[in-house]
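See structure below.
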Amino acid sequence: MDSFLYQASIYLAAAVIAVPIAARLGLGSVLGYLLAGIFIGPVLGIVGAETEDLQHFAEFGVVMMLFIIGLELEPRTLWDMRHRLIGLGGLQVVLTTAATMVVVMAMGQAWQPSLAIGMIFALSSTAIVLQTLSEKGLIQTGGGRSAFSVLLTQDIAVIPMLIVLPLLASGPLVGIGQEEAVTQASQVDKSAYVAMSLVDGLPGWGVALVTLAAVASIILGGVYLIRPIFTFIHSAKLREMYTALALLIVVGIAFVMTLVGLSPALGTFLAGVVLATSEFRHELESDIEPFKGLLLGLFFITVGAGIDFATLLREPLLILGLTTTLILGKGVILYALGRLFGLRGRNQWLFTLGLAQAGEFGFVLVSFSLQQGVLPDFLGGTILLVIALSMLITPLLFILYERMSLRMKADHAEQYDEDEIDEQGPVIIAGIGRFGQIVNRLVQSSGFKTVVLDHDMQTIQLMRRFGFKGFFGDPTRPDILHAAGLEDARVLVVALDDPKATTTLVTYARNMRPNLHIIARARDRTHVYHLYRAGANDIVRETFDSSLRAGRYALENIGLTGYEASQVEKTFYAHDRYAVQELAKVWNPDTPSAENAAYIKRTKELEKELEAALLEAMESRNTDAA
């Protein structure tokens, strides 16, 4: 017990310290976990032999992650991905396996271990890639969806790989003195597998029937049993029972999959897809998410702690050369396949750099290959180190992608010549994203002319396709503004995504036209203060009005009439506008709000004034009702 608490304290402390630092430096949480593992493992040596056992436990985070991803994919969406799953994913596994096999055979190995190594290196890291894609909001991009399709195909491919590997055994290849230990370990593993297997000893058709029955039970259970089970759990009125049920679903399905020899991750993913259309989807996702995050973090730490730097220091050129060759070779194949399947630009590089590593299932295949005598011990250790190093490098590849993405975006914008603005109108709209589009449609629908400016050519082209005219150019440039009619315009609507650019534009426009009415989009309350000082007349926070409407709906459904809720909403709105103007007077851009004594004092005073104003509105309502 003491040892467990010690290890738990070390791992949690490493995560709590390293991950926020890595996130603040823009390195991402995955690299933070990996560096934490390296620090407490190879550097300080305060975690040891139990790292591998802990890693097997932490791999359950991958199972939970695929369950959550399945919850976000409806069956129709998965069916629409079939071409990527079979074509893109299948070709990646086959081509990478074949290319690696040829290279390893050229280095003097027999075809059996060469094929095994090819299958091992064909797999990418589901845990690192999906976690990073989700963290950076890239999973819904074309490159992200293609990467997910390949990862899912790889997870499925692990099953036939485990079947093929024993057929490649050409006799024991372990070192002298280790034969008996490996034999005993294999016997223990085999006996445990027989005791917990439903398919061992069955003929081929029996295995197929049992497997199909297990998959069918998961699908039917998801369709017909979830609702009554949730109803039963709800009767207990205990919040923790929902968490227990969510864990039972994931753990139980994973266990059933292992009984029939299938991947637990594949089974939970299938269950997630079945439950994607259920009304309990969000409940399950919120209950599983914290466990998934912690277990994945623990898994990444164990990967970092398990890197054998002693071997790396003995043969640095060999290990680094093999790792570089793996990433480059796999990257070439991925790049070619991405181009073949229509990926271009940033999506193609996301797909290429995101998957150009070995994965956690490679650890499983290496261990299995060593037990079956397919790989010799010395070669197995080298492969494990190459896998771990390639996973360690992966977050750096994502950082490289972000740098390339920014450069490609800038180059893409530069290749278009800015439009010659040949129209002017009473309203200039700078920025035509989701916010600016609504403003533009409303003003034009009311019969007034607008001049739309945006620096994103694709957005301008999309507008033109739907019959709305816009001009491509940087709205913050003075010559663009003057060409759009800044001298004669009555209203300037600044709807840019970039807060700094918004403030710059408002400042310039106010200096040039003191009497111009400026309406500006603000990111948050601090941005409101910047725009207030810059000279904006009307400042609209992105989510403020929609939040007010949601609050009014809440009031209407807890007892207030529509009129009463509307009056409270108006009172709150008026006081908030007044409060922002008052706080802007004491706000100091050089002092954080939490350290600004005058700002804090005025905030408390305004909060009391708001309570009084709302009470007065409620009393007025009661008087009118009487």
Side-chain angles (χ1 to χ4, degrees), residues 11 14-15 18-19 22-23 27-38 41 51-72 89 120-136 138-139 144 147-158 250 254 257 263-269 272 288-307 326-327 330 350-351 353-367 384 386-398:
Y11 280 101
V19 174
L27 302 177
S29 65
V30 174
L31 187 56
Y33 284 121
L34 292 170
L35 293 175
I38 293 173
T51 296
E52 185 176 349
D53 295 333
L54 191 60
Q55 190 174 71
H56 294 317
F57 171 72
E59 284 173 357
F60 203 73
V62 181
V63 174
M64 291 185 170
M65 178 175 62
L66 284 173
F67 178 68
I68 291 177
I69 289 173
L71 287 174
E72 297 173 354
I120 292 167
F121 284 165
L123 304 176
S124 302
S125 176
T126 302
I128 291 180
V129 176
L130 290 186
Q131 173 73 4
T132 307
L133 289 175
S134 299
E135 188 177 289
K136 296 180 180 296
L138 296 171
I139 199 164
F148 170 72
S149 301
V150 170
L151 290 170
L152 184 56
T153 304
Q154 290 175 357
D155 291 343
I156 297 172
V158 171
V250 175
M257 288 294 100
S263 165
L266 178 62
T268 51
F269 172 77
I288 292 294
E289 184 69 34
F291 297 96
K292 183 266 293 185
L294 282 175
L295 287 175
L296 276 180
L298 180 61
F299 171 75
F300 298 140
I301 292 178
T302 59
V303 170
I307 295 178
L326 168 65
I327 293 174
K330 203 167 182 179
L350 174 62
F351 176 72
L353 295 175
L355 297 176
Q357 82 286 120
E360 57 278 351
F361 282 118
F363 295 130
V364 177
L365 294 185
V366 171
S367 300
L384 288 173
V386 171
I387 293 173
L389 284 178
S390 70
M391 294 172 68
L392 177 63
I393 292 172
T394 300
L396 301 178
L397 296 179
F398 274 100

**Q.** Trace of the side chain to side chain contact (heavy atoms under 4.5 Å, CB included) decision for L350 with L133
**A.** CA-CA 9 Å; L350 174 62; L133 289 175; 3.9 Å; yes
Q) What pair of heavy atoms forms the shortest contact from S124 to L151, and how long is it? A) CB-CD2, 3.9 Å
Q. Does a side-chain heavy-atom distance below 4.5 Å link F291 with M64?
A. yes
Q. Given F148 and V129, is the side chain to side chain contact (heavy atoms under 4.5 Å, CB included) satisfied, shown in steps?
A. CA-CA 9 Å; F148 170 72; V129 176; over 6 Å; no
Q | Atom pair CZ (F121) and CD1 (I327), whose distance is rounded to the nearest 0.5 Å | A | 10.5 Å
Q) When rounded to the nearest 0.5 angstrom, what is the spacing between OG in S149 and CD in Q154? A) 11.0 Å
Q.
How close do A22 and G32 get, counting heavy atoms only, and between which atoms?
A. CB-CA, 3.5 Å
**Q.** Non-hydrogen atoms of A15 and Y33 that approach each other most closely
**A.** CB-CE2, 3.8 Å
Q: May I ask you to decide if L353's main-chain N or O and K330's side chain share a donor-acceptor pair within less than 3.5 Å?
A: no
Output a table of donor-acceptor pairs, distance under 3.5 Å, between side-chain atoms of residues 386-398 and any protein atom two or more places apart or on a different chain; print 'none' if there are none.
from	atom 1	to	atom 2	distance (Å)
S390	OG	A358	N	3.1
S390	OG	V386	O	3.4
S390	OG	I387	O	2.8
T394	OG1	Q357	NE2	3.2
T394	OG1	S390	O	2.9

Q: Considering non-hydrogen atoms only, spot the tightest contact between A14 and A36 and give its length.
A: O-CB, 3.6 Å
Q. What's the spacing between L123 CG and T153 OG1 if we round to 0.5 Å?
A. 11.0 Å
